[in-house]
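A quick note: this is a predicted structure, and the numbers were derived from the prediction, not measured.
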Amino acid sequence: MRTRTLGDLTVPAEGLGCMGMSEFYGTGDQQEAERTIHRALDLGITFLDTADMYGPFTNERLVGQAIAGRRDEVVLATKFGNERGEDGSFRGINGTPDYVRRACDASLQRLGVDVIDLYYQHRVDTKVPIEDTWGALKELVDAGKIRHAGISEAAPETIRRAHAVQPVTAVQTEYSLWTRDPEDDGVLATCAELGIGFVAYSPIGRGFLSGQIRSLDDLAPDDFRRRNPRFQGEAFEQNLRLVDRVREIADEKGVTASQLALAWVMTQSGGPGGRAGNPTIVPIPGTKRVAYLEENAAAVDIALTDDDLRRLDEAAPVGAAAGDRYPDMSTVHR
């Protein structure tokens, strides 16, 4: 697996999102999830992404158990800020310094590690000055509890203010062929200017770009995508047409639609030989099954020609997807 650099943190060119192993995407299977993480490490996909809210709390324990004995191989990322209760209730967004410190200690305990490699502010708490939250993160770096700090779904000015307190190693935001907002809203440009890496979550469009979801009947009854505006009514039908255009190009190249979507995200990365004006970009496709992990891993070897990229731009231009990314967009890009 080739590597890329987020700020001064070296990671594989593709990571693994672990959220769906515990919640949101239907019922999980802990044994298969652990096998998936072990297989990821064997393939060199050592950049693992979790968060305290996934489960809640159970995903960190799962990841910690899976990497026991192999900690030195792993670049471990987790997050704080979306506060939840043990009963699964959502308590809101919390960026207070005291909460940052308590959340970090709790995550270290659940993960069974002494240090977190990349600790993200999961969502921005607009009730707390970003300088206060990031002052607490700087304290955690100085204390040796975290090595690097990141932020998720933040607006350019917020990123700048955080970076002035403690270097932002990575910004994590949704980015894919059907979510190209970071190209248009200044986030990619800000990251490139400040030398910050960019981590793309949901690079396969929450699985939609795989082409395997043709109706809501293809989703489990408790799958959170059933409530997502992009999976509803006319938006769903319009987005299916986008997916079919992408899948047609994938078929011609002899790859899966998921692989093509991942290859496209990786091709957007800046750096030597990359796309001028962009930061380093690393996708973290999520899966809870070994078979899909192996399919995704093969995407790193797919070369896209200028003609491929032109056709994909035509098939899925900026703003082509119908519907909001979340039922409530008030907590993102703040």
Side-chain angles (χ1 to χ4, degrees), residues 15 17-20 23-26 49 51 53-54 79 81-82 84 90 92-93 120-126 150-159 170-191 198-213 215-216 218-220 222-243 245-246 257-258 261-262 264-265 268 281-287 312-313 315-334:
C18 299
M19 179 183 80
E23 195 181 15
F24 300 110
Y25 289 96
D49 184 274
M53 73 160 287
Y54 302 158
K79 313 177 194 75
N82 278 317
R84 295 181 71 180
F90 285 85
I93 296 172
Y120 290 102
Q121 182 176 5
H122 205 164
R123 292 291 185 270
V124 176
D125 185 349
T126 56
I151 195 166
S152 179
E153 292 287 1
E157 182 57 28
T158 305
I159 296 167
V171 171
Q172 184 178 141
T173 295
E174 185 174 350
Y175 186 48
S176 70
L177 277 167
W178 82 335
T179 301
R180 298 182 61 173
D181 311 20
E183 298 175 25
D184 228 16
D185 58 21
V187 171
L188 288 182
T190 300
C191 289
F198 184 92
V199 175
Y201 76 83
S202 294
I204 309 174
R206 306 186 191 282
F208 197 71
L209 290 169
S210 70
Q212 296 180 20
I213 302 169
S215 76
L216 291 184
D218 294 325
L219 303 176
D222 58 345
D223 192 306
F224 86 125
R225 288 172 291 186
R226 284 178 169 268
R227 303 186 302 277
N228 188 293
R230 292 190 171 181
F231 289 77
Q232 308 297 322
E234 292 183 8
F236 187 90
E237 296 304 319
Q238 180 175 325
N239 292 329
L240 272 179
R241 292 192 288 273
L242 184 156
V243 168
R245 293 194 296 269
V246 172
S258 295
L262 280 172
W264 179 86
V265 172
Q268 306 311 302
I281 297 175
V282 174
I284 50 167
T287 186
L312 285 168
D313 278 339
V318 176
D324 286 337
R325 297 192 283 125
Y326 290 98
D328 178 6
M329 290 289 290
S330 66
T331 64
V332 301
H333 202 63
R334 303 204 284 185

**Prompt:** Looking at side-chain heavy atoms only, is the closest gap between His333 and Asp181 below 4.5 Å?
**Reply:** no
**Item:** CD on Glu153 to OH on Tyr120, rounded to 0.5 Å
**Value:** 12.0 Å
**Fill in**
So CE of Met53 and CD1 of Ile93: to nearest 0.5 Å the spacing works out to 10.0 Å
**Asked** Can any side-chain N or O of Arg180 pair as donor or acceptor with the backbone N or O of Ala316 at less than 3.5 Å?
**Response** yes
**Geometric class of the Phe198/Tyr175 ring pair [parallel <30°, tilted 30-60°, perpendicular >60°]** = perpendicular
**Least distance between heavy atoms, Gly15 atom then Val282 atom** = N-CG1, 4.2 Å
**Complete:** Interatomic distance, CD1@Ile284 vs CG@Asp49, rounded to 0.5 Å, equals 3.5 Å
**Asked** Would you call Arg225-Asp218 a salt bridge at under 4.0 Å N-O?
**Response** no
**Request:** State which residues pass ring-ring contact (aromatic ring centres under 6.0 Å, His included) with Phe224; sequence neighbours excluded, sorted by chain then number.
**Result:** Phe24, Tyr25
**Asked** Can you tell me if Gln238 uses its side chain to pair, donor with acceptor, with the backbone of Ala320 under 3.5 Å?
**Response** yes
**Item:** Candidate list Val243, Asn239, Thr179, test side chain to side chain contact (heavy atoms under 4.5 Å, CB included), partner Leu209, passing option
**Value:** Val243
**Prompt:** Has the side chain of Glu23 got a donor or acceptor atom that lies under 3.5 Å from a matching backbone atom of Met19?
**Reply:** no
**Item:** From CA spacing to verdict: side-chain contact (heavy atoms from CB on, under 4.5 Å), Tyr326, Thr331
**Value:** CA-CA 9 Å; Tyr326 290 98; Thr331 64; over 6 Å; no
**Prompt:** Between Trp178 and Phe208, what is the ring plane arrangement, given parallel below 30°, perpendicular above 60°, and tilted in between?
**Reply:** parallel
**Asked** Are any side-chain N or O atoms of Glu237 and backbone N or O atoms of Gly233, one a donor and one an acceptor, separated by less than 3.5 Å?
**Response** no
**Asked** Which pair of heavy atoms, one from Phe236 and one from Ile213, lies closest together, and at what distance?
**Response** CZ-O, 4.1 Å
**Heavy-atom donor-acceptor pair, Arg334 side chain to Arg123 backbone, under 3.5 Å** = no
**Request:** Mind listing the closest non-hydrogen atom pair of Ser210 and Ile204 along with its distance?
**Result:** N-CG2, 3.8 Å
**Asked** So do the side chains of Val199 and Val171 get within less than 4.5 Å of each other, counting heavy atoms only?
**Response** no
**Asked** Can Arg230 and Arg206 be said to form a side-chain contact (heavy atoms from CB on, under 4.5 Å), step by step?
**Response** CA-CA 10 Å; Arg230 292 190 171 181; Arg206 306 186 191 282; over 6 Å; no
**Request:** Check whether any side-chain N or O of Arg227 sits under 3.5 Å from a backbone N or O of Pro327 as a donor-acceptor pair, and report yes or no.
**Result:** no
**Message:** What verdict does the side-chain contact (heavy atoms from CB on, under 4.5 Å) test give for Thr173 and Leu188, after you've listed the backbone C-alpha separation in whole Å, the side-chain angles of each residue and the deciding distance to 0.1 Å?
**Reply:** CA-CA 10 Å; Thr173 295; Leu188 288 182; over 6 Å; no
**Asked** Closest approach of Val265 and Ala200, non-hydrogen atoms and distance?
**Response** CG1-CB, 3.9 Å
**Prompt:** Hey, are the side chains of Phe231 and Leu219 touching, using non-hydrogen atoms and a 4.5 Å cut-off?
**Reply:** yes
**Fill in**
Closest non-hydrogen atoms of Glu174 and Pro182, given as atom of the first, atom of the second and distance, are O-CG, 3.7 Å
